[in-house]
Amino acid sequence: MKMNFIEDLKWRGALNQITDEAGLLEAMASGKVGAYVGTDPTADSLHLGHLIPFMVLKRFQNAGGKAVIIIGGATGAIGDPRPTTERQLLSSEQLAENEKGITAQVTKLFGDNDTRIVNNNDWLGQLTLTDFLRDYGKLFSINVMLKKDVVASRLETGISFTEFTYQVLQGIDFHELWRREDVKLQIGGSDQWGNITSGIDLIHSLEGNEAKAFGLTIPLMTDSTGKKFGKSEGNAIWLDPKKTSPYTFYQFWLNQGDADVVKYLKYFTFLGSEEIDDLAEAVATNPGERLAQRRLAQEVTKFVHGEAAVKEAEDLSTALFSGNVATLSAAQIADAFGGVPSFEAANTVKNIVDFLVDGGVEASKRQAREDVANGAISINGEKVTDVAAEINPLSHYDGQFVLVRRGKKKYFLGKIK
RNA sequence: GGGAGUGUAGCGAAGUCUGGCUAAACGCGACGGACUGUAACUCCGUUCCUUCGGGUUCGUAGGUUCGAAUCCUACCGCUCCCA
């Protein structure tokens, strides 16, 4: 049985609020309509949190819609208010750099025939202050703006006029896309509800109450322990392979707990209900197999980094967790371990503790000594427990590499200069 | 402008009255180890640096003292109340 776009989202647990479910389905049925997700260039890469609305947009596209993505060059210069504190403005250089990075990533994820990627600086950047106040400002009621959750929470601690205005800009975005790209739906995280409804209200003001415009938000993602999703050891998981290697990315998904994996399969993959039900069954009957985790890791890594990256990540995982790394050749090391954090090492014999600290594997000598003494350190596949041990970087792999393992599964690759 | 608080290790939070036993309780996080499914739970260890002698810390700068996170002075930051 085939579910429609909304039913599918509900089944996936990916629907938080929607303005007019029946109206949206009707609009989708009566012709090709567009939906958009906006993202501000607050960093030079997207992370897993950003992926959530994009996945929904992709589903919309798969359901026959047109996908539009706004890169918020202009809104990013203003800053979407956070519930607690004012944002630090980004420099225009930083902003430009972030825009470049994020545009490239989005293009990689969505860059096909049926996707439009636009930058709101193209229209917001042209708007003069007086036009802004006359054409749009009149249509926004301060009273309504003050009631938006984010603004209300900030009235206690203070909010600048700049950030207060953000919702107007996002409203203009929605209208602009409505006008020029036939976009009828805006998709965002649950914190975007206020901004989305601002846009819908603006469209109604400008185009009449009959104008079709819809909004949809996605629930905040948390793991089974209630923690915010998407961090690994305190670090964000980035989509940029230079910031988070495909191997680390793959491992992040592979290591998800049984309690979360089915939820994530629904959220982050395009697998259908039968297949996910089967995987859920596998988790219940044979959790040790981790069939669901493996499938999750494959699917998401494929979506973000491509088929080849999946194979590399799996090969590397196999090498690290089952193989004997000491027997690998230098070429195999170079080939397989590209995804592991690396450092430069001198070609001279060095004490193990100094070697680890100099390579950035350990933060201090005290820590290094502790880990060595605890048997947490392996060099080229051999455990080193003597704090006084000397490391000869040229002893393995044709003198090109030193493979360091800290703990059970953290690897570092020393490249000999 | 007046008044009352408050500032301690990554975070939270004791210690301050009654100076030394305090490199500083405890919790969280983080990092290791055992167990295991490259899990979860649980358990154990570590968590300022170190040439392992010691060194440098409790907002900042001075002062009192044999000795200060603890007492005094000034300054800076934050919070609350009144105007």
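Each chain gets a letter, A, B and so on, in the order its sequence line appears, and its residues count up from 1. Please read these numbers as outputs of a predicted model, since none were measured by experiment.
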Notebook entry, point to check: Are Phe343(A) and Phe412(A) close enough, and set up right, to give a ring-ring contact (aromatic ring centres under 6.0 Å, His included), and what steps lead you there?
Noted result: CA-CA 7 Å; Phe343(A) 60 93; Phe412(A) 304 83; 7.2 Å; no
Checklist line | Rounded distance in Å between the C1' positions of A9(B) and U46(B) | finding: 15 Å
Next item on the list: Would you mind reporting whether Tyr166(A) and Ser198(A) have side-chain heavy atoms less than 4.5 Å apart?
Entry: no
Check: Expressed in whole Å, how much space separates the P atoms belonging to U56(B) and U51(B)?
Finding: 16 Å
Next item on the list: Can you figure out which of U51(B), U46(B), C31(B) approaches the side chain of Glu370(A) most closely?
Entry: U46(B)
Margin query: In this structure, how many angstroms lie between the P atom of U47(B) and the CG atom of Asn374(A), rounded?
Written below: 11 Å
Check: Think Arg366(A) has a side-chain N or O under 4.0 angstrom from the OP1 or OP2 of C48(B)?
Finding: no
Next item on the list: Would you mind reading off the distance between Leu316(A) atom CG and U38(B) atom P, rounded to a whole angstrom?
Entry: 16 Å
Checklist line | Separation of the P atoms in A24(B) and U57(B), to the nearest angstrom | finding: 16 Å
Next item on the list: Kindly point out which of C31(B), C52(B), G37(B) is positioned nearest to the side chain of Arg369(A)?
Entry: C52(B)
Notebook entry, point to check: Does Lys365(A) put a side-chain nitrogen or oxygen below 4.0 Å from OP1 or OP2 of C52(B)?
Noted result: no
Checklist line | Short side-chain donor-acceptor distance under 3.5 Å, Gln170(A) and Thr75(A) | finding: no
Check: Once you round it to whole Å, what is the distance between C1' of A39(B) and CZ of Arg294(A)?
Finding: 12 Å
Checklist line | Counterpart base for A30(B), defined by Watson-Crick or G-U wobble contacts under 3.5 Å | finding: U46(B)
Next item on the list: For Glu362(A) and A30(B), give me the distance from atom CD to atom P, rounded to whole Å.
Entry: 17 Å
Item checked: d(CH2, Trp253(A); C1', A39(B)) in whole Å -> 17 Å
Notebook entry, point to check: Who does C21(B) pair with, Watson-Crick or G-U, both distances under 3.5 Å?
Noted result: none
Notebook entry, point to check: Is any NZ, NE, NH1 or NH2 atom of the basic residue among Arg290(A) and Asp258(A) found under 4.0 Å from an Asp or Glu carboxylate oxygen of the other?
Noted result: no
Note to self: If the cut-off is 4.0 Å, is Ser317(A) near the phosphate of U38(B), judged by side-chain N/O to OP1 or OP2?
What the structure shows: no
Checklist line | Nucleotide opposite C75(B) in a Watson-Crick or G-U pair, distances under 3.5 Å | finding: G59(B)
Checklist line | 4.5 Å side-chain heavy-atom contact, Gln192(A) and Asp80(A) | finding: yes
Check: Can a side chain N or O of Lys383(A) be found less than 4.0 Å away from OP1 or OP2 on G32(B)?
Finding: no
Next item on the list: Could you tell me whether G45(B) is syn or anti, where syn means a glycosidic angle within 90 degrees of zero?
Entry: anti
Check: Tell me: CZ of Phe252(A) to P of U38(B), nearest whole Å?
Finding: 19 Å
Next item on the list: Report the base-pairing partner of A13(B) (Watson-Crick or G-U wobble, both distances below 3.5 angstrom), or none.
Entry: none
Notebook entry, point to check: Does a side-chain N-to-carboxylate-O contact under 4.0 Å join Arg366(A) and Glu370(A)?
Noted result: yes
Item checked: Side chain Asp258(A) and base G37(B) donor-acceptor under 3.5 Å -> yes
Item checked: Value in whole Å for how far the C1' atom of A39(B) lies from CD of Gln251(A) -> 12 Å
Note to self: Taking U8(B) as the reference, what is the distance to G27(B) when you measure between their C1' atoms (whole Å, please)?
What the structure shows: 15 Å
Next item on the list: Can you tell me the pairing partner of C52(B) across any strand shown, Watson-Crick or G-U wobble, with both distances under 3.5 angstrom?
Entry: none
Check: Is there a side-chain polar atom (N or O) of Lys408(A) under 4.0 Å from OP1 or OP2 of A34(B)?
Finding: yes
Next item on the list: Between G37(B), U38(B), G32(B), spot the one nearest the side chain of Leu254(A), thanks.
Entry: U38(B)
Check: Quick one: does Val118(A)'s side chain get under 4.5 Å of Leu177(A)'s, heavy atoms only?
Finding: yes
Next item on the list: Just call it for Gln367(A): base, sugar-phosphate, or nothing, with non-hydrogen atoms closer than 4.0 Å on any strand.
Entry: sugar-phosphate
Next item on the list: Could you check Phe303(A) against Phe268(A) for ring-ring contact (aromatic ring centres under 6.0 Å, His included), going step by step and ending with a plain yes or no?
Entry: CA-CA 9 Å; Phe303(A) 180 61; Phe268(A) 290 101; 9.7 Å; no
Notebook entry, point to check: In whole Å, what separates the P atom of C26(B) from that of A74(B)?
Noted result: 36 Å
Check: Which of these nucleotides, U50(B), G33(B), A39(B), is closest to any side-chain atom of Ala376(A)?
Finding: G33(B)
Item checked: Integer angstrom distance from the P of C72(B) to that of C28(B) -> 35 Å
Check: Rounding to the closest angstrom, what is the interatomic distance between G15(B) and G20(B) at atom C1'?
Finding: 14 Å
Checklist line | For G67(B), the Watson-Crick or wobble counterpart (both distances under 3.5 Å) | finding: none
Item checked: Separation of the P atoms in A68(B) and G63(B), to the nearest angstrom -> 12 Å
Notebook entry, point to check: Roughly, in whole Å, what's the span from OH in Tyr411(A) to P in U38(B)?
Noted result: 13 Å
Notebook entry, point to check: Taking the nucleotide of RNA chain B with the closest heavy atom to each, which residue, Asp371(A) or Gly288(A), is nearer the 5' end?
Noted result: Asp371(A)
